[in-house]
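Order of the sequence lines fixes the chain letters, A, B, ..., with proteins taken first and strands second; residue numbering starts at 1 for each chain. Treat the numbers as computed from the prediction; the structure is a model and nothing was measured. Below, each value reflects all heavy atoms present in this structure, side chains not excepted, and no hydrogens, waters or symmetry copies.
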Amino acid sequence: MAGTRCSHSSRNISELLVEHGKTFLVRLTEVKLMCTGIVENTRVSGSGRGPEGWFPLNQASVSYDHPDHTPSERAVIIDFLNVTAGPESRVAVELTPESAKNLVHAILASLSRGEGSEARARDKSSQ
Amino acid sequence: MRNYRTDMYEGMIAETVTVPGQNGRVINAYFARPLGSGPFPGVVLIHHAPGWDEWYRETTRKFAHHGYLAISPNIYYQFGHGAPEDIAAKVRAAGGVPDDDVVGDIAESLGYLKSLPQSNGKVGVFGTCSGGRQVFLVACRTKGFDAAVDCWGGRVVMSQQELTPKYPVAPIDYTKDLSCPLLGLFGEEDQFPTPQQVAQHEQELKKYGKTYEFHMYPKAGHGFFYYDRSGYRQEQAVDGWNKVFTFFEKYLGAPG
């Protein structure tokens, strides 16, 4: 799969995760409902860049709902948040469902390549 | 419906105010009203999931323009302050506002409007999206509203798995308690609610002999009034607004 750029947009996200046989990406902490659909929150570690600069992230909120801006009936809305800071500590994206699936695939592919090359490097140094 | 003439005087005041909320707290609200002593009918607006935003301010003024005392309480007040979309994201991540809180806040706004000296004593409730759902909920769980308008409120019909401590009862299960006439506007292409869910709701209204009007618009999905979103449908929106004002005039009396 490394380096693959083909689209898996017609496949569901569960298939993609099963294919990789890993649970590193999605560890759901809560499943909640909003206006129209599902909101899933997961803890994350990292940083996000907002209007005021970089800030630490501790939650990603992923919802399937009506978008604010994207010209689409429904979208996958991802809010990268620092829930202990103010509401402006947020990096938001709205993706069409198809492009959200593509993003999942790209994340998994990237992780697979990166972790694969690290493992190979470790094997080489131990020989 | 009010027919504007070019020789008419028109004036309104629109401003942010503080009003009572659930459990004795104070929340902020956007209040627009025609100038003059009235008497005017009133409308409480329940904002949608995207937040207490510009569209709701405009719509509050629209009702005032049509001769209503119109108030839009900030039902996200307890989540703090910031840009409306940032507060909406915070609410979304928290799983929404508890139904009990919304019912309490809206009942207080109803009391506020009725207490005004320029009120004609009649008050309706209007909402879209999640606010549409909450309109139905409030119209069932409180007494005192004279008309209710639910625009494409999703999750009136809820499965057992969707019920949470914040949403412990599906609104459709309160149908027998509906206390005022109901107008529902929906889009045939909407998935939240689906036409099947709307039909299920309608069956329940019939079962209990409630006064209602449901209109299902072809070639429209969710949020077809929102001129700033891709779901806007001009023809359906114009007709829908006419139905809203006709309905309110029928049950709330002539606007100012």
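Formation of a donor-acceptor pair under 3.5 Å by the A:E73 side chain with backbone atoms of B:H222 is found in this model.
Heavy atoms of A:S89 lying under 4.5 Å from chain B are absent altogether. With a 4.5 Å cut-off on non-hydrogen atoms, A:D68 touches chain B through its backbone and its side chain both.
Contacts with chain A were tallied for B:K90, B:E85, B:H48; B:E85 has the most, counting heavy-atom pairs under 4.5 Å. Note: B:A89 leads B:G82, B:A89, B:G131, B:A83 in heavy-atom pairs under 4.5 Å with chain A. Listed options A:V62, A:D79, A:V83 were ranked by heavy-atom pairs under 4.5 angstrom with chain B; first place goes to A:D79.
The shortest heavy-atom contact between A:P67 and B:R229 is O-NH1, 2.6 Å. Considering every non-hydrogen atom in both B:S230 and A:T70, the closest pair reads OG-O, 4.3 Å. When all heavy atoms of B:A93 and A:L81 are compared, the closest pair comes out as CB-CD1, 3.9 Å.
Taking CG of B:D228 as the start and NE2 of A:H69 as the end, the distance is 9.5 Å to the nearest 0.5 Å. Atom CG of A:D65 and atom SG of B:C129 lie 7.0 Å apart (nearest 0.5 Å). Atom CG of B:D86 and atom CZ of A:R90 lie 4.5 Å apart (nearest 0.5 Å). In this structure, CD on B:Q191 lies 9.5 Å from NE2 on A:H66, to the nearest 0.5 angstrom.
Considering only heavy atoms from C-beta on, A:I77 comes within 4.5 Å of B:R92 through its side chain.
Applying the 6.0 Å contact sphere to CD of B:E213 captures more than 12 heavy atoms from other residues, nucleotides or ligands. The number of heavy atoms from other shown groups lying within 6.0 Å of CD (A:E52) does not exceed 12.
The side chain to side chain donor-acceptor pair (under 3.5 Å) check on B:H201 picks up nothing, with sequence neighbours excluded.
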